[in-house]
Amino acid sequence: QVQLVESGGGLVQPGGSLSLSCAASGIVFSIYTMAWHRQAPGKQRELVASISSGGQTNYADSVKGRFTISRDNAKNTVYLQMNSLKAEDTAVYYCYVHRGIDRWGQGTQVTVSS
């Protein structure tokens, strides 16, 4: 019954910005670490960013300084603000939480292309 629904993906030119949202249900959202992962064509899924229940964040080196993860516990939503996008950021972005088992959203496509 855990559900994670991503939104906000799309096509953007290099150097542009996008903001992703993940709305969670079926969990006591505020107590869980939330994360964003991505999977590019031909590559393995990788952790992009995470945020703990206490607000501690971590980022992949490839996105540090460009992406910001945040959460709004009142809205059961986690966000990923992506700035200065590069072609190599092109991927399907997935919302993630571990509640007993790994829980994944369906993903939202981000395409960075001129």
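By convention here, the first residue in the shown sequence is residue 1. Side chains included, hydrogens not; waters and symmetry mates left out as well; all remaining heavy atoms used.
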If you look only at pairs with a residue in residues 97-114, which of them pass as a salt bridge (charged side-chain N to carboxylate O under 4.0 Å, His left out), with sequence neighbours excluded?
-> none
Not counting sequence neighbours, list each pair that qualifies as a salt bridge (charged side-chain N to carboxylate O under 4.0 Å, His left out) and has a residue in residues 55-74.
-> D61-K64, R66-D89
Apart from V92 itself, what residues make up its hydrophobic cluster, given side-chain heavy atom links below 4.5 Å?
-> Y94, Y96, W104
Do any pairs count as a ring pair (Phe, Tyr, Trp, His ring centres under 6.0 Å) and have a residue in residues 57-90, sequence neighbours left out, and if so which ones?
-> none
Stepwise side-chain contact (heavy atoms from CB on, under 4.5 Å) test for N58 and L47 = CA-CA 10 Å; N58 72 83; L47 175 66; 3.8 Å; yes
Only pairs under 3.5 Å count here: list side-chain donor-acceptor contacts from residues 5-29, not counting sequence neighbours, and write none if there are none.
from : atom 1 : to   : atom 2 : distance (Å)
E6   : OE1    : Q106 : N      : 3.0
E6   : OE1    : G107 : N      : 2.9
E6   : OE2    : C95  : N      : 2.7
E6   : OE2    : G107 : N      : 3.2
S17  : OG     : N83  : OD1    : 2.9

Nearest non-hydrogen partners of S30 and S53, listed with the distance = O-CB, 3.2 Å
Got a sec, which residues hit salt bridge (Lys or Arg N to Asp or Glu O under 4.0 Å) with E46, two or more places apart in sequence or on another chain?
-> R38
Where the side chain of T90 meets the backbone of V112, is there a donor-acceptor pair that is under 3.5 Å apart?
-> yes
Euclidean distance, S70 OG relative to M34 CE, rounded to 0.5 Å = 12.0 Å
At what distance, to the nearest 0.5 angstrom, does CD1 of I51 lie from OG1 of T33?
-> 9.0 Å
